[in-house]
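Just the heavy atoms: all of them, side chains too, but no hydrogens, waters or symmetry mates, feed the values below.
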Amino acid sequence: MVQCLLFNRAGQFGFVYRYKKGFDYQQKCGLVNVKLKWAKDRALDGVVAGERDVRAACILVSMISSTRQCRLPIYHLSRRRGQLGLPHDLKLSTFVRRYPSVFHESYVFDSGGTRVPCFGLAPEALELHGEELNVFEENRMDIVNRLRKLLMLTREWTLPLQTIDQLKWDLGMPYDYHASLIPYHPELFSLVNLPDDRVGLKLLSWDDELAVSELEKNAALQQNVEDMKDGCLAFPIGFTRGFGLKRKCMEWLKEWQRLPYTSPYTDASHLDPRTDVSEKRIVGVFHELLHLTVQKKTERKNVSNLRMPLALPQKFTKVFERHPGIFYLSKKNDTQTVVLREAYDRQKLLQRHPLVEIRERFASMLRKGLLDRSRGLYKTSEDSDLEHQRLNDVYDDEMSDNQCISEEESYCDLLSKYDSDEPIHDSC
């Protein structure tokens with residue numbers, strides 16, 4: 001029924017109708033100068049609050065578990081610090097030591113005889129990471145389709161790997177997706193050199209069945225045939241409790257909701273960026289993008305460099321402030337995180353991806369370790385000479401690994417030019 005409605009809409013009304021409707025509106029509907037106030041939402045702030053540490057810990061677990069001995073010296077981890085999103089003034093070793101329930105500390109000696117911290121994984125963390133890998137495998141095609149839809153949103157079906165890296169956690173992709181996912185789908189993806197000398201990922205084929213937005217799917221499920229016929233789909237709206245709208249703002253919002261909806265998967269080059277119709281298209285793009293994420297949220301900085309690939313006008317992220325009934329902009333963790341309001345009932349995520357449960361269990365493990373550590377249940381002790389010798393062997397293996405090309409780099413020569421999207425900080 002859903003597919004019938006969707007493809008009937010596409011066949012009967014199609015692009016020509018939406019083009020004409022949008023063109024007619026844009027000639028008489030300029031961008032209305034309305035600014036809605038930001039109001040704190042404690043429930044959604046709570047959703048964001050613990051995310052940073054869980055994300056950093058899960059990335060570190062993925063890094064460490066990928067080695068033969070399941071442990072790495074601190075300097076190895078520091079090389080990828082930029083991907084963790086931790087505060088610059090927080091030493092990486094300090095962060096790792098907060099969570100002894102996940103990370104076990106030991107030592108190796110460098111060539112000068114200096115003792116260097118080395119971190120492995122607790123058995124419980126290894127077991128949970130194994131479950132995470134199973135979830136990735138069981139949901140492989142779901143992950144692939146999320147990535148395909150992300151690339152279909154772009155003008156040339158292409159994004160730099162750095163941009164995808166910034167979004168991979170939110171999209172529910174494996175840490176090493178360019179080695180564990182992309183090579184297994186050569187019919188869909190290709191690595192390309194971009195004009196700015198970066199490496200990009202290009203989608204090789206378009207899929208009409210995927211080119212249907214979440215808003216269009218919901219309209220079909222609710223059988224809003226009239227709205228679909230008119231092309232004037234409205235976004236779900238919700239505000240923080242106690243949020244008051246002035247009459248002028250309410251009237252503008254009602255009129256704005258009646259404007260034509262332009263699918264984020266169609267060409268919108270005909271729209272004048274100075275109009276509310278164009279703004280509604282931008283809102284639709286990010287509404288769809290957030291629906292592609294497993295927890296319906298992402299940091300604002302993760303989308304700030306999408307202007308050119310998504311063919312968006314200058315200052316496009318202002319839609320987050322202008323539409324607080326659709327997006328909530330949390331200021332927790334010293335950053336700004338965009339949350340899709342309709343996806344949550346207070347702190348409850350309404351559509352739960354299997355990966356969400358894994359992340360919640362990691363979060364519980366982190367909390368327990370932090371609490372037990374504060375109670376003094378984890379004691380630091382000096383290692384014996386035998387332990388030193390055993391770890392020296394580990395260190396020798398790691399030094400040997402440095403002489404080799406990693407599995408990730410050997411996948412394609414293009415990846416040898418590809419570094420982390422964030423600046424690397426060598427401090428521990």
Closest approach of [X] and [Y], non-hydrogen atoms and distance?
X	Y	result
Leu292	Leu171	O-CD2, 3.7 Å
Arg307	Pro313	CD-O, 3.4 Å
Val212	Glu288	O-OE2, 4.0 Å

Report the residue from Glu342, Lys217, Arg146, Gln351 that forms a side chain to side chain donor-acceptor pair (under 3.5 Å) with His291. Glu342

[X] side chain near [Y] side chain, heavy-atom distance below 4.5 Å:
X	Y	value
Leu60	Phe95	yes
Leu350	Tyr344	no
Leu151	Leu201	yes
Met63	Arg80	yes
Trp169	Glu51	yes

Donor-acceptor contact present, side-chain [X] to main-chain [Y], <3.5 Å:
X	Y	value
Ser364	Arg361	no
Thr266	Thr262	no
Thr94	Leu90	no
Thr163	Leu159	no
His185	Glu187	no
Thr275	Ser278	yes

Charged N-O contact under 4.0 Å between Glu251 and Lys254: no

Between Val48 and Leu44, is the side-chain contact (heavy atoms from CB on, under 4.5 Å) condition met? List the steps. CA-CA 7 Å; Val48 174; Leu44 293 182; 5.9 Å; no

For the rings on [X] and [Y], is their centre-to-centre separation under 6.0 Å?
X	Y	answer
His104	Phe119	no
Trp38	His323	no
Phe286	Phe320	yes

Hey, does the Lys NZ or Arg CZ of [X] hover above the aromatic six-ring of [Y], less than 6.0 Å from the centre and inside 45° of the axis?
X	Y	result
Arg148	Trp206	no
Lys280	Tyr261	no
Arg322	Phe327	no

If I take atom [atom1] from residue [X] and atom [atom2] from residue [Y], how far apart are they, to the nearest 0.5 angstrom?
X	Y	atom1	atom2	result
Ser93	Glu105	OG	CD	8.0 Å
His76	Cys118	NE2	SG	9.0 Å
Ile326	Ile237	CD1	CD1	4.0 Å
Leu289	Thr298	CG	OG1	7.0 Å

Determine whether more than 12 heavy atoms belonging to other residues, nucleotides or ligands lie under 6.0 Å from atom [atom1] of [X].
X	atom1	value
Lys318	NZ	no
Glu360	CD	yes
Arg155	CZ	yes
Met141	CE	yes
Lys202	NZ	yes
Gln347	CD	yes

After noting the C-alpha distance and the side-chain angles of Gln166 and Asn305, does the key distance pass the side chain to side chain donor-acceptor pair (under 3.5 Å) rule? CA-CA 10 Å; Gln166 289 177 311; Asn305 59 350; 3.2 Å; yes

Starting from the C-alpha separation in whole Å, work towards a yes-or-no answer on salt bridge (Lys or Arg N to Asp or Glu O under 4.0 Å) for Lys296 and Asp170. CA-CA 8 Å; Lys296 316 308 177 193; Asp170 299 315; over 6 Å; no

Identify, with sequence neighbours excluded, every residue that meets salt bridge (Lys or Arg N to Asp or Glu O under 4.0 Å) alongside Asp196. Arg198

Lys149 vs Tyr265, test: side chain to side chain donor-acceptor pair (under 3.5 Å). Steps then yes/no. CA-CA 9 Å; Lys149 286 171 75 75; Tyr265 297 104; 3.2 Å; yes

